[in-house]
Amino acid sequence: ELRYKNISKELIIFFNEVQIILSLCNFFKIKLFISSQTHLSLNLAADVVSKLLNFETINFQYSFAHTKSHSLVLLSNADNLLLFSNKFKNKFSNQNIFEPKIYEIGYIFKVSDELKEKSLKLRNLMKKNGSKLIISYFDEGVKFDKWKLSHKDQILGDLRKLLDFILKNNEFGLIVKPQFAFHKPSKIFKDKIFADAIKTGRYIEAIEGSYRNNILPFQTALASNLSIGYYFGGTACLESSLVDIPTLMLNPFNNKGDFDEVIDNNNILYKDIDEIIKILTKLKNNNEDVQKYKKFNNIISSSIFSDPINKINFEKIIAEKINAQTN
């Protein structure tokens, strides 16, 4: 009985969202609805409203979404799906439910001149404070729910070891790019090691905004010589690889993904932060060896994204859809 009460509550919330979207689209004369958050009920509300007001909807892929498990929350009812490549088609669509028009667009976010300037300033600051080899670290979100992979204990344990290494090796610097702005490590973790590291000037927490961190992985990766992230998320590592920064991926829970075969054959994944610390220790003697760790970059460009010949420009698609609505 409680289950059905919850369903009733969810339906009330959903139909309220439909009313909100309907009012907004009517008032602003919306011609096209674009989103990346396939799991939000607001997207489904927009799909319903689009049929009433006769406009198109678009969902674009922003997440690596490489895990073998197939989550229903990724499925989209949008008229158009903009994907990294057709390799992700079955993750975001199911022809038995709804078959959208699919475009291969590659990765939607780009490196702007402003982002390059900010990266250079960050890099110069780290170098000014003595960092000769700079590391970017991506946390994939800090979760306090014990069932989440990026649990606070996992993230804190890895950060402690990295910071201990940084404090003992003056030629290294560390930039942490949290997924969420309110997950500033020195604030959520009450550990003296963060204050000690900040004092050196070789540890920086790169954060902008109030909810999701507005700083893209692109920005800190470009300021770095090496990036470290987690395989169970992977999108931040993907961005790092796209700007050709050597990238290492932690896989402490032995997660499996759709591209395991090609990734396993190239020794890209490491079981824990201790293995990464060993790599950093070797780089201390010869930091030019960091170029060895670009294997993920090659996989991204050759096996995961669409062929540049088949790739369609995002802006061109949007312009065509809007023109079609206007005419």
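For the numbers below, each heavy atom of this structure counts, side chains included, while hydrogens, waters and symmetry mates do not.
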A.B. asks: For atom NZ of Lys51, decide whether the heavy atoms of other residues, nucleotides or ligands shown that lie under 6.0 angstrom number more than 12.
C.D. replies: yes
A.B. asks: Quick one: CG on Leu83 to CG on Asn59, what's the gap to the nearest 0.5 Å?
C.D. replies: 9.5 Å
A.B. asks: Are side-chain heavy atoms of Thr67 and Lys91 found at a separation under 4.5 Å?
C.D. replies: yes
A.B. asks: Counting neighbours of NZ on Lys316 that are heavy atoms of other residues, nucleotides or ligands and sit closer than 6.0 Å, is the number greater than 12?
C.D. replies: no
A.B. asks: Answer with yes or no after comparing the ring centroid distance for His151 and Phe144 against a 6.0 Å cut-off, counting only values under it.
C.D. replies: no
A.B. asks: Centroid-to-centroid, Phe60 to Tyr62, below 6.0 Å?
C.D. replies: no
A.B. asks: Counting only heavy atoms not in Lys278, do more than 12 sit closer than 6.0 Å to its NZ atom?
C.D. replies: no
A.B. asks: Any idea which heavy atoms bring Ser210 and Ala181 closest together, and the distance?
C.D. replies: C-CB, 3.8 Å
A.B. asks: Do the side chains of Tyr231 and Leu250 join up, straight or via other hydrophobic residues, at under 4.5 Å, putting them in one cluster?
C.D. replies: no
A.B. asks: For Lys184, look at atom NZ and say whether over 12 heavy atoms of other residues, nucleotides or ligands are found less than 6.0 Å away.
C.D. replies: no
A.B. asks: Flag the pair Pro217 / Ser136 as yes when at least one side-chain heavy-atom distance between them is below 4.5 Å, and no otherwise.
C.D. replies: no
A.B. asks: Do Ile245 and Tyr293 belong together in a cluster built from hydrophobic side chains that touch within less than 4.5 Å?
C.D. replies: no
A.B. asks: Assigning hydrophobic clusters by single linkage (Ile, Leu, Val, Met, Phe, Trp, Tyr; side-chain heavy-atom cutoff under 4.5 Å), is Ile268 placed with Leu238?
C.D. replies: yes
A.B. asks: Within the side chain of Asp79, is there an N or O that forms a donor-acceptor pair under 3.5 Å with the backbone of Thr57?
C.D. replies: yes
A.B. asks: Quick check: closest heavy atoms across Thr247 and Cys237, and the distance to 0.1 Å?
C.D. replies: CG2-CB, 3.8 Å
A.B. asks: Quick one: does Ser36's side chain get under 4.5 Å of Gln61's, heavy atoms only?
C.D. replies: no
A.B. asks: Provide the closest heavy-atom pair for Ala78 versus Ile58 in the form atom of the first, atom of the second, distance.
C.D. replies: CB-C, 4.1 Å
A.B. asks: Can you classify the ring geometry of Phe180 versus His183 as parallel (below 30°), tilted (30 to 60°) or perpendicular (above 60°)?
C.D. replies: perpendicular
A.B. asks: Between Phe138 and Tyr230, is the ring centroid distance below 6.0 Å?
C.D. replies: no
A.B. asks: Quick check: does any side chain N or O of Arg202 sit under 3.5 Å from a backbone N or O of Leu174, one acting as donor and the other as acceptor?
C.D. replies: no
A.B. asks: Of all the heavy-atom pairs spanning Ile215 and Ile207, show the shortest one and how long it is.
C.D. replies: CD1-N, 3.5 Å
A.B. asks: Set out, in order, the CA-CA distance, both residues' side-chain angles and the distance that settles ring pair (Phe, Tyr, Trp, His ring centres under 6.0 Å) for Phe88 and Phe259, then state yes or no.
C.D. replies: CA-CA 11 Å; Phe88 294 88; Phe259 304 100; 5.7 Å; yes
A.B. asks: Indicate yes or no: at least one non-hydrogen side-chain atom of Ile317 is less than 4.5 angstrom from one of Ile312.
C.D. replies: yes
A.B. asks: Is it true that atom OH of Tyr211 has more than 12 heavy atoms of other residues, nucleotides or ligands lying nearer than 6.0 Å?
C.D. replies: no
A.B. asks: Could you walk me through whether Ser85 and Glu104 pass the side-chain hydrogen bond (donor to acceptor under 3.5 Å, both in side chains) check?
C.D. replies: CA-CA 5 Å; Ser85 73; Glu104 295 183 276; 4.6 Å; no
A.B. asks: Heavy atoms only: give me the nearest Ile299-Ile263 pair and the separation to one decimal.
C.D. replies: CD1-CA, 4.0 Å
A.B. asks: Would Phe33 and Phe55 count as a close aromatic pair, with their ring centres under 6.0 Å?
C.D. replies: no
A.B. asks: I would like to know whether Lys161 and Asp274 meet salt bridge (charged side-chain N to carboxylate O under 4.0 Å, His left out); could you show each step before the answer?
C.D. replies: CA-CA 8 Å; Lys161 290 181 178 180; Asp274 294 327; 3.1 Å; yes
